[in-house]
Every structure is written in structure tokens, then in C-alpha cells.
**Q** 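Below is one structure. I have some questions about it.
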Amino acid sequence: MKLKALVVAFAAAASFNAAWAQAPIVIKFSHVVATDTPKGQAAERFKELAEKMTKGRVKVEVYPNSQLYKDKEEMEALQLGAVQMLAPSLAKFGPLGVKEFEVFDLPYIFPTKASLYSVTEGPIGKGLLQKLEPKGITGLAYWDNGFKDMSANKPLHAPGDFRGLKMRIQSSKVLDAQMRALGANPQVLAFSEVYQALQTGVVDGTENPPSNMYTQKMHEVQKHLTISNHGYLGYAVIVNKKFWDGLPADVRAALEKAMAEATTYEKAIAQRDNDMALAAIKKAGKTTVYELNAKEQAEWRKAMLPVHKQMESRIGADLIKAIYKETAK
Ligand code: LMR
């Protein structure tokens, strides 16, 4: 009788182990943009690569368009371990207490995409990701979107055109200062709330790269879009540190490889996506698209550049100087 009980117990344990061994490690990847955006497509590509490279030991569940969590909530969910991976805008790390990330929001700080990549792919970018560790977050990569344009329901040709406008921004004190430098009233809203806020007049205008504007249909509720390229919007791909450190070493190595390939893919499509979105906005014909001339560009720069000095105490003068040096090369 005893032997029989032992055999039954052993068989149960073996089947449990087998079941456990087959149960995939689940990565919930939450983000706030549509799938047909650079970040949305890269999340899908990471899913495909991660599941293939770990031979199914990892299952990635992508939750796009604020389906699972919207802006502020998603960072809290990651720290609590309710989700394992995010790719928030670099403008959204201030509330976490890592104010240095707002250096990416400084208007006109990156003359070109190449100069931006020299920052994100070099020691400055690495150093910033390391600042996330004490918050229980591991930074894996930087993903790209593009340079931002401004939209409203009135023409935006000169800085004075912003006076008194309620402009939606991401949760960044640098963007707050940027809009105030233009005489506008900045209002932080979650990305998922922007379309309705523009439609109902809660805010008058906003800023974003064309891919975000088009995929959220903002062009349908904004009569004017000015191609200003006055600032940059990009992302940090981050994971819950406890989850990441707890992975089997071979699984983590495979995921790092999948992330590297997904990052290369994402950067290759970002500019194309934005170009296609701008063309689609023009084709839709609901928004007057205006390109600033050189004189107007200079006026916008003059109005917004004081934000750099103003934000030194928040971001760190040394970090700003290091980026000036790196991007001047
Ligand atoms: C925004 O909130 O405007 C953007 O950060 C959304 C995104 O993730 O691109």
C-alpha cells in the first residue's frame, strides 16, 4: 500500500514538474500608442523574436494603445510587477524622480537624428539608464520616434501665435517651461486622453511627431499643423528589475539579443513611418500643413532656447554641457 502511495506521489510530482517546466515565462508589454507606429511595430517585432529565440520558454503579451494601463499608471504597474515591460516616452521619467531624462525634451538640443543616436548609444545614454536601477527598473534600450511638430486650431507661424493657448504636454517640467516660453498654458494629459481633449476644447493644441498625431486621428480635430521639428520624442525600453534579474541567464541572454534586433528594426522604420503619416495627414485634407521658413525657425529657436538655462538646476548643467559637446562633434 505504502509503495503504491509513493508511486502515485512521484507520478504527480513528475507531471507537475513537467507542467511547470512547460509553463512559459510571461512578459506583459504595455504601451500607449497604436500598433501601426514605430514603437507599436517594434513591440510586435520584439514579441516575435523573443518567443522564437527562447524557443517558446517566453511568451510576450503586447497591450497597445493604453489598453492595459495609460500614461502615469503604467510606470506604477511596472514597479509593482503587474507588467514586466514598457517603452515610455523619455519625457515621462520626471515623476519617477529621474529628472535628468528631461534633457531629451530640451527644444533644439539635437541638431540631427545622428547626433541624438551618439548620445543614446554612448556613455551618456548608458549612464541615464543606470539611474533607473534604484527605482527597481532596468533600462534595456532606446527606441526612436522623431522630431515633434505643433498643432492647434489657428495658424502657428510666430511664437506670439501661441499666446494664451492651452497646449497639451507630456509630464515633463521642460515641456511645461517650453510652452510657457511661447506664452501658452501647458496642460499635462495622458496620451490616451489627447484626442477627446482636443475635440472638446479642453486643450487648444499639442505637439507630437506626425506618426502619433495621425494614428490618434488628431489631424481630424486640429485645423493647423506647423512642421517645426522643435524638439525630439523618443523612448526608453524598460523592465521590472526583480523580474529581469530573476530570469534564467540563458533566457535573459536570448531576450537581450531579441531586444537588440527589435531596436535596429525600430530605428530603421521610425523616420519612414513619420514621413508616411505626414503624407497621410496632408492627403486627408482636414489640416492646413505649414512649413516654417528660415526666419520663422530662427524666431521659434530664440523664443525657446532660454529653456536650456532655465532648466539647468533641474536637469544638471554638466549633463546639458556633455550633450552639447557630444552633438557638436
Ligand atoms: C505622448 O504622450 O505624447 C507620447 O509620449 C506617446 C508615445 O508614447 O509616443
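In listed order, ligands and their atoms are each counted from 1.
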**Q** Say whether Lys92 and ligand 1 are in contact under the criterion: heavy-atom distance to a ligand atom below 4.0 Å.
**A** yes
**Q** Counting only heavy atoms closer than 4.0 Å, does ligand 1 sit against the backbone of Arg168, its side chain, both, or neither?
**A** side chain
**Q** For ligand 1, which atoms sit closer than 4.0 Å to a heavy atom of Lys39?
**A** 7 (C), 8 (O)
**Q** Among all the protein's non-hydrogen atoms, which is closest to atom 7 (C) of ligand 1, and how far away is it?
**A** Val33 CG1, 3.3 Å
**Q** Distance alone, cut at 3.5 Å: any donor-acceptor contact between the side chains of Thr263 and Trp143?
**A** yes
**Q** Distance check, rounded to the nearest 0.5 Å: Tyr214 atom OH versus Glu220 atom CD?
**A** 8.5 Å
**Q** What atoms of ligand 1 come closer than 4.0 angstrom to any heavy atom of Ser89?
**A** 5 (O)
**Q** When you check the side-chain N and O atoms of Thr287 and Gln222, is any donor under 3.5 Å from an acceptor?
**A** no
**Q** Pull out every atom of ligand 1 sitting under 4.0 Å from any heavy atom of Asn208, numbered as shown with elements.
**A** 1 (C), 3 (O)
**Q** If you count the atoms of ligand 1 from 1 in the order shown, which ones are under 4.0 Å from a heavy atom of Val32?
**A** 8 (O)
**Q** Using a strict cut-off of less than 4.0 Å between a Lys/Arg side-chain nitrogen and an Asp/Glu carboxylate oxygen, indicate whether Lys302 and Glu299 qualify as a salt bridge.
**A** no
**Q** Among all the protein's non-hydrogen atoms, which is closest to atom 5 (O) of ligand 1, and how far away is it?
**A** Gln170 OE1, 2.6 Å
**Q** More than 12 foreign heavy atoms under 6.0 Å from CG of Asp250: is that the case here?
**A** yes
**Q** May I ask you to check if ligand 1 and Asn145 share an N or O to N or O distance below 3.5 Å?
**A** no
**Q** Any N/O of Glu207 closer than 3.5 Å to an N/O of ligand 1?
**A** no
**Q** Just how far is it from atom CD of Gln41 to atom CD of Glu266, taken to the nearest 0.5 Å?
**A** 9.0 Å
**Q** So that I can tick it off, tell me whether Lys70 and Glu193 are bridged by a salt bridge, with the cut-off set at under 4.0 angstrom between side-chain N and carboxylate O.
**A** yes
**Q** Is it the case that Asp105 and Ser172 place a side-chain donor and acceptor less than 3.5 Å from each other?
**A** yes
**Q** Specify the protein heavy atom at minimum distance from atom 9 (O) of ligand 1: its residue, its atom name, and the distance to 0.1 Å.
**A** Tyr235 OH, 2.5 Å
**Q** For ligand 1, is there an atom lying under 4.0 Å from some heavy atom of Val194?
**A** no
